[in-house]
Amino acid sequence: MNAVEYAKPQSIDDAIRCLTNAPVGARVLAGGTDLLVQLRAGVVRPPLIVDLKGIAELRRIESTADGFRIGAAVAGAELSEHAEFSSQWPGITEAFNLIGSTQIQGRATLGGNLCNGSPAADSVPALIAAGVRCIVVGPSGSREMAVEDVVTAPGKTVLTTGEFISQFLIPARAAHSGDAYLRFIPRTEMDIAVASAGVCLTLNAAGVCTAARVSLGAVAPRALLVAACADALIGSTLDDAAMAKLAAAASAACAPINDKRGTIEFRTKVAGVLARRAVTIAAQRARGN
Amino acid sequence: MAKHHVTTTVNREPVELLCDPSATLLDVLRDELGLIGSKEGCGSGDCGACSVLMDGRLVCACLVLAAEATGHEITTIEGIADGNKLHTLQQQFLEDAALQCGICTPGFIVAAKALLDRNPDPTETEVRFWLAGNLCRCTGYDKIVRAVMNAAAKMREEAVHG
Ligand code: FES
Ligand code: FES
């Protein structure tokens, strides 16, 4: 490990200043569950590490009139322990509960899971399905963007020098809506998704789907929001024909890698299966809401 | 390389030290403070042998920078017993022979304590999921899980009867 300096700014402005004036290669630190592994492996040698956990806004969970405002440096376990949040958004909660061990969940953050840029990050399809947006702050001010627009390729984001995500804006769950997240791994726990699906949908009194968002993980260079999947569901009663259309649309959207953990064919097929099962769970939840 | 000044609390004792800014909490516990109960199995968050509590929350000390410990309370395996009196979990690991080489044991005991502090009456499934981040090369886990269940039962008894 060759980092030379550690800074823990106490405000967003100080952090931006710190990052803007830093030598090339400075890194932000939130939960550290990816950064410390990279440091140890010698993959990165940042001259400066900027710890964002000193900034109050980044560590808060606020419930607002529009939903929740959640600091980017809030750990997955802190979110899951928030009773009001986890009852409104069980799918997002389940996704965070699948990331690593108890030890990892207590550290790994919302911002980190997104900005690490892994196509298999569990929380990302769940956040995309729920229509979550985030606030990016930086030297030229702040901007708001959809979670699906942050990552561009494995390990790459749209963030530029001095920028970081400060907060996530999670909408209040609409009436008669539900979300769900499922992933496939070859074992029961402690593994990385081979394929995954996040779903959020709304049903009307007649059981017709009036809104849906479907996101797939680990089957493309980044998590995908698949409009064709939503189109397959909207206007249907989630009958067999709609579900078949959904699964076909999910598989058609896949452009996965081929590796020992899952072949292209397997990932493509399983993405469709997971999308269908996640829709079934989300629909049960929507009926109960 | 400028040293970083850390002011923290370890096992209820205030601690001040200077460390390399890239040193992990595990490095500092073992090499600076001589608290070698926490083990380094992997250094990458996979094995749980370095498990410690940070403000009561279970973390891998190998994934925390020592610099991050400033202002926080750290509890290591050395802080679990009450003086010379072993914690019920420690005693139960001995009685149930829940260790062989012992490398994983400090991590398991700290992790199990974090669980029982939150949930004094966990199911076996809850114990197994909670401890999924702690690896053991020797025991096959069964005796560990049994020791945690038995310790939990004894601690519930103690809580009722004092
Ligand atoms: S040494 Fe920290 S998890 Fe293995
Ligand atoms: S007792 Fe040897 S690793 Fe667990």
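So that the names make sense, note that chain A is the first sequence line, chain B the second, and so on, each numbered from 1.
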For B:Arg118, which atoms come within 4.5 Å of any heavy atom of chain A: side chain, backbone, both, or neither?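 Just its side chain gets close to chain A.
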Considering residues, nucleotides and ligands other than [X], do more than 12 of their heavy atoms fall under 6.0 Å from its [atom1]?
X        : atom1 : value
B:Arg57  : CZ    : yes
B:Glu73  : CD    : no
B:Lys143 : NZ    : no

How far apart are the closest heavy atoms of B:Cys104 and B:Ile144, and which atoms are they? SG-CD1, 4.5 Å
A:Gln105 side chain to A:Gly100 main-chain N or O, any donor-acceptor pair under 3.5 Å? yes
Salt bridge (charged side-chain N to carboxylate O under 4.0 Å, His left out) between A:Arg267 and A:Asp259, intermediate numbers included: CA-CA 10 Å; A:Arg267 289 175 194 257; A:Asp259 69 5; 2.7 Å; yes
Which region of A:Glu78, side chain (C-beta onward) or backbone (N, CA, C, O), has a non-hydrogen atom less than 4.5 Å from a non-hydrogen atom of chain B, or is it both or neither? both
Chain B contact via A:Leu35 - which portion, at a heavy-atom distance below 4.5 Å: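 Interface part for A:Leu35: neither.
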How far apart are the C-alpha atoms of A:Gln88 and A:Asp179, what are their side-chain angles, what is the distance that settles it, and do they pass the side chain to side chain donor-acceptor pair (under 3.5 Å) test? CA-CA 9 Å; A:Gln88 271 203 40; A:Asp179 76 327; over 6 Å; no
Hey, which residues of residues 43-53 of chain B are touching chain A, say heavy atoms under 4.5 Å apart? B:Gly43, B:Ser44, B:Gly45, B:Gly48, B:Ser51
